[in-house]
Amino acid sequence: MKDRFYYSLLVLIILGFVALIVSDSKLSALGDRSPSESQQHMNDPVSQSKEIKENSQELMKELFDASESDAERGDLEALQVQLEKLEESQKCWFDPNCELEFEAQSPLDANSHFRKQTLDALIAIKDFLLKNPEYTGKFEYLFSSYVAHQDDFVKEQALEYFAWVEPNQERLEAIMGGLSQSSSVPLYDSATALLKSYHQFGFGREVSSFISHQIRHGGFFLSRDLAKKSLEFMTPETFDIFHRLQEELPENSKTSRILQFSINEYLRSRKLSGQ
Amino acid sequence: MERRKAPFRWLLVFSVLTILICQSAFATDYRSNRCKNRKGGEFDFGEGGVGCDVSAYKEIPDVMFNYASFVFNRAEETEVQRKEYVTSMVGLIADLARFYIDQRKPNASEQEKKAWVRAILAKGNQETYLSHYRIERDGNIKLTTGDSLYSYGIMQIHRRWHKIQGTDIGVDLVENILYGLDHFYDYWEGSKSKSCVRGREGNSDYFKRRARSAYSAYNGGPGSYCRWTNSGARWAQNDRGYHQKWKDQLWLRHAESHQDDSKSPVDINCLMNDEGNCDKSVNYDAYYDGDKYLLASGETCYRTGEAELSCFQDSRMRSCFKASEGLPEEKKGFVEFEKSDDMIIKTFTNRDLICHNAFPSLIKRHSFIKLNKSINVRATPGGNLVTGTTAGDIYQVLDFDFKNDGSGGRYYLIKVNGKYGYIYAGDIEDHLEWAEEVEANEDSNYVFPSKGQVAEVVKEEGTKLLRSPHEDSEVVTTAETGETFKVYAVRVIGEESLVYLLVQHDGRMSYLYAGRMNPSVTTDSWVKISE
């Protein structure tokens, strides 16, 4: 009697396991995707990885040769570790055939691992550059490419670097390129804050033209978000750009209404504050 | 014999524990995804993916009114219904895809635009068999999910791959399609320069190669543009599946129209302008969800008499209305008022007045609250975390919102360290445990001056004082920057929530403009509280 009970229990357990496995595989069957369904650009990650490797090897050799103290060499060694991590992540993140050196239980595990490794490396490299600004020119290309990374978390981290360095044309183009390729609403705040500072730093018309173009022809979510924020970019020097845009937008469209609110407030400000 | 049984029992105990742990892990996973009453789907149009109750994500009347033609009813699973469903869905996707590329790439050739639309339809077919909302046999409306419940809707927007935490992107059908379009477009453009996409426009199969390449990259990331050319690739079956959908255009077997001759029941311009209730096939007066009515005009109403509805346009007023008791109950679903002409529809617009009447403990806009505990600040009510607060802090209330569960649970919009966000502040019963109204003091976090306070003009060029609260009003005088005025009243006006302060100048009352609050707050640049 007891034996029958245990055997029945065992059968139930096996059935339970089978049910779990079947239900999971059924869930995954739909919309099944490889680890990197997260999208966007940054061109070909494998070439990117090679580029990081080649550039960093050459640079590091040059820097080690030029280093004058143990402390400096220590910093460079730490930097080298981060560059290797970055290169490894970039190589493997989007290659489903890459042999992983860790146990990934699911595609999500692998994604989380590479995302974290990339974020940690970018933070460390940024900190190194802030401490050693003389190397900025040599490693900045990393942030310029990672700002266009397909993963919005990485993109946001790369953007942060640009908040610490002075505006220039190349940096502005990198930021605008990164923003134009993102559908992440939470990322728009940090990116537009950066653009705002560029706007005030002498790039007013360039930034405003970019914003106007994205409102008109950008992705759906970016277009609406920038329309909401457009007031921040309206000045006597740039207002014509937005006014022209408003005339081009389809009448009574949602974007046009949002932009109109910004224009109203701008004009109200001119009218009531006697500007 | 007994000795032989001992390991067997241990094995059983181990197995039981393992299965319990596994189940608990799965349950946690599902809870975190808010999936209620999950139901499996089928590999057929309208029925793809695991269904979760849509009510956990979105108001059901919104779904029924806006998307009635795009809800597959499994209780009436007939080929006629499938045909209608696919016809509507193909029309909607085709119209949106066309609208999208017209906006982003107006100079694209007609051939490219057609190929783009076909590529998107093939993608929707591959991801979910064009499934998004469906009514299950138990009558509940479900949202299609996939990827272990992490991906939402027709385009399978993954909650963890994308940085969209704190948003509900993916639940709304149109937003879901647009999000998918945003991403697919990047790859569509990226595919142009790939070695596996030989040739150029006009060459045979050029756009098919573009579509296949874009899909491979969408599915496998930017390293996978040419994955479709490698039959041994780990995810090659996805590429084969997509190719099959592109070739067969299975949706055409069901749809009465094809993508170049859309028969979408939705007015695409109405939809893109958020005008509401754009589904032309809905010919009812209202939808009743068991509590309130949603009118075709977009207003939400409560029945407050036999032939009387009290309505409002601003959905944030929803919780501030209550249906009158003792009225006959109506069946859930679409409603045609018998005497439509006799129905009295009262429309209310003063949200402050209605909500204060409903919940007298609600703290008024412009007033100050002291927090009685540390509360998280979120971008939207219950949404993405922005920052935190500390018990004892005092903030000015800029706006309010409510939970929709009738508890009176309220949220206040405040400004913390330069950032705007909502805090939860309790319900009818426990609101005092969360926050209470206080007089402002020097430590208060204010945004603009309130009644009794002194406003200081901060505009460098000064600000004109007006006879009435309107920018075209007669100008009384110009107040210089730094000039101060005692505030006698605050008025918030119109859709932009323009703030006007009633002040006194030379013994005469006049209005000082203090910025707007919608769609963003600008009051900082106009006035501050005088110190």
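A note on names: the letters A, B, ... follow the listed sequences, proteins ahead of strands, and every chain is numbered from 1.
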- Task: Sort out for me which of Asp102(B), Thr481(B), Thr478(B), Asp472(B) touches chain A most, counting heavy-atom pairs under 4.5 Å.
- Result: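 Most heavy-atom pairs within the cutoff with chain A belong to Asp472(B).
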Structural part of [X] lying under 4.5 Å from a heavy atom of chain A:
{"X": "Glu460(B)", "answer": "neither"}
{"X": "Leu465(B)", "answer": "neither"}
{"X": "Leu466(B)", "answer": "side chain"}

- Query: Are the aromatic rings of Tyr179(B) and His183(B) close, with centres under 6.0 Å apart?
  - Reply: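 Centroid separation for Tyr179(B) and His183(B): below 6.0 Å.
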- Does the cation-pi check pass for Lys123(B) over Tyr242(B), that is, NZ or CZ under 6.0 Å from the six-membered ring centre and within 45° of its axis?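 Judged by the rule (NZ or CZ under 6.0 Å from the ring centre, within 45° of its axis), Lys123(B) is not positioned above Tyr242(B).
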- Task: Return the set of residues passing salt bridge (charged side-chain N to carboxylate O under 4.0 Å, His left out) with Glu232(A) (not counting sequence neighbours), or none when no residue passes.
- Result: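 None.
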- Residues in salt bridge (charged side-chain N to carboxylate O under 4.0 Å, His left out) with Lys229(A), at least two apart?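 Partners of Lys229(A) by the salt bridge (charged side-chain N to carboxylate O under 4.0 Å, His left out) criterion, ordered by chain and then number, come out as Asp189(A), Asp225(A).
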- Which of Ser262(A), Ser223(A), Gly219(A), Pro250(A) touches chain B most, by non-hydrogen pairs under 4.5 Å: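 The option with the most such pairs is Gly219(A).
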- With only heavy atoms counted, which part of Ser256(A) is less than 4.5 Å from chain B, the side chain, the backbone, both or neither?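 For Ser256(A), no heavy atom lies under 4.5 Å from chain B.
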- Aromatic plane relationship, His149(A) with Tyr146(A) - under 30° parallel, 30 to 60° tilted, over 60° perpendicular: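 Geometry flag for His149(A) against Tyr146(A): parallel rings.
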